[in-house]
Amino acid sequence: MDSTDKRIVEALQKNGRTTNVELARMNDLAPSSMLERVRRLEEKGVIQGYRAILNPKALGYSVQAMVMINLDRHQAGSIDIFEDKIRAVPEVRACYHITGQYDYIVHLVVQDIEHLGEVVKHTLASIDGVEKQETFLTLSTIKEDLGYSLERVDEED
């Protein structure tokens, strides 16, 4: 990525609805050249897609939690089963396979404490292979995902 590509990606991370004409104007390029650059970034997989960022509270989701999970077996089959089941849980916002004391960290977004209890007790605990889980309530959000830093991304000539 060159410096123009970085500016394009930064602008689109801030506002995915930035038009091609606006991007072109911001970078002193013709709209046709800008469209070609954006398409190239999409083809390379740098830009994977576009989406709306929703307000969870406006949708009725007032509780977020992190659930640390350990599996009882660490064989490919049991790991695949667990990961497939987690992908199917609508309340799971993100799930990461991690190192350390736990095997996974799962980010849940739910309506209320009762809903959290249902998901933890009846959905997560019922997945074959889950040995232990520990739930942490999120008190506040300090920093949201605003995209990736491009400061250390090497530039092409």
Side-chain angles (χ1 to χ4, degrees), residues 1-19 23 37-156:
M1 287 195 341
D2 63 16
S3 60
T4 301
D5 288 340
K6 283 184 177 182
R7 286 193 302 274
I8 293 166
V9 172
E10 285 174 342
L12 289 173
Q13 282 190 123
K14 288 179 185 169
N15 181 2
R17 295 184 73 174
T18 304
T19 67
L23 286 171
R37 279 182 171 267
V38 171
R39 283 191 179 143
R40 186 172 41 95
L41 289 166
E42 291 169 345
E43 288 168 3
K44 284 178 153 181
V46 173
I47 298 173
Q48 293 184 328
Y50 304 87
R51 65 182 184 164
I53 299 169
L54 307 179
N55 178 343
K57 288 184 181 174
L59 299 171
Y61 297 112
S62 61
V63 174
Q64 294 190 46
M66 302 295 171
V67 181
M68 311 302 284
I69 294 178
N70 276 338
L71 300 182
D72 61 2
R73 297 175 304 280
H74 295 94
Q75 295 141 341
S78 58
I79 290 171
D80 291 342
I81 290 168
F82 171 79
E83 291 178 357
D84 287 343
K85 295 280 187 181
I86 283 293
R87 283 185 196 97
V89 178
E91 294 87 355
V92 172
R93 175 134 187 201
C95 177
Y96 302 98
H97 193 185
I98 59 174
T99 63
Q101 181 178 353
Y102 295 94
D103 298 322
Y104 292 89
I105 183 168
V106 178
H107 179 190
L108 296 177
V109 178
V110 294
Q111 294 172 323
D112 50 35
I113 295 297
E114 291 80 20
H115 186 194
L116 176 63
E118 288 174 30
V119 173
V120 169
K121 291 186 285 188
H122 301 291
T123 304
L124 299 182
S126 70
I127 297 173
D128 284 340
V130 171
E131 178 181 58
K132 175 184 171 186
Q133 57 183 350
E134 188 173 353
T135 303
F136 299 87
L137 286 175
T138 301
L139 299 177
S140 63
T141 301
I142 310 307
K143 181 178 178 181
E144 293 257 285
D145 177 7
L146 300 175
Y148 294 96
S149 169
L150 302 176
E151 289 179 22
R152 300 184 68 118
V153 174
D154 291 332
E155 290 187 19
E156 297 173 353

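Between the CG atom in Asp5 and the CG atom in Leu41 there is a gap of 4.5 Å [rounded to 0.5 Å]. The CG atom of Leu150 lies 11.5 Å from the OG atom of Ser3; values are rounded to the nearest 0.5 Å.
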Please table the atom pairs, donor to acceptor, closer than 3.5 Å between any side-chain atom in residues 45-59 and protein atoms at least two apart or in another chain.
residue, atom, partner, partner atom, Å
Tyr50, OH, Glu42, OE2, 2.7
Asn55, OD1, Lys57, N, 2.9
Asn55, OD1, Ala58, N, 3.4

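Around CZ of Phe136, the count of heavy atoms belonging to other residues, nucleotides or ligands within 6.0 Å exceeds 12.
When the salt bridge (charged side-chain N to carboxylate O under 4.0 Å, His left out) test is applied to Lys143, no partner is found at least two apart in sequence or on another chain. Listed by chain and number, the residues in a salt bridge (charged side-chain N to carboxylate O under 4.0 Å, His left out) with Arg39 amount to none (sequence neighbours excluded).
Asp2 has a carboxylate O that lies under 4.0 Å from a charged side-chain N of Arg37, or vice versa, which qualifies the two as a salt bridge.
Pairs of residues two or more places apart, or lying in two chains, that qualify as side chain to side chain donor-acceptor pair (under 3.5 Å) and include a residue from residues 117-141 are Tyr102-Glu134. Listed by first and then second residue, the side chain to side chain donor-acceptor pair (under 3.5 Å) pairs that reach into residues 72-101 are His74-Asp103, Glu83-Tyr104, Asp84-Arg87, Glu91-His115, sequence neighbours excluded.
Panel note: side chain Thr18, backbone Leu23; no donor-acceptor pair is recorded below 3.5 Å. For Lys44 (side chain) and Met1 (main-chain N/O), no donor-acceptor pair under 3.5 Å exists by modelled atom type.
Looking at Val9 and Tyr148, their side chains never come closer than 4.5 Å, going by heavy atoms from C-beta outward.
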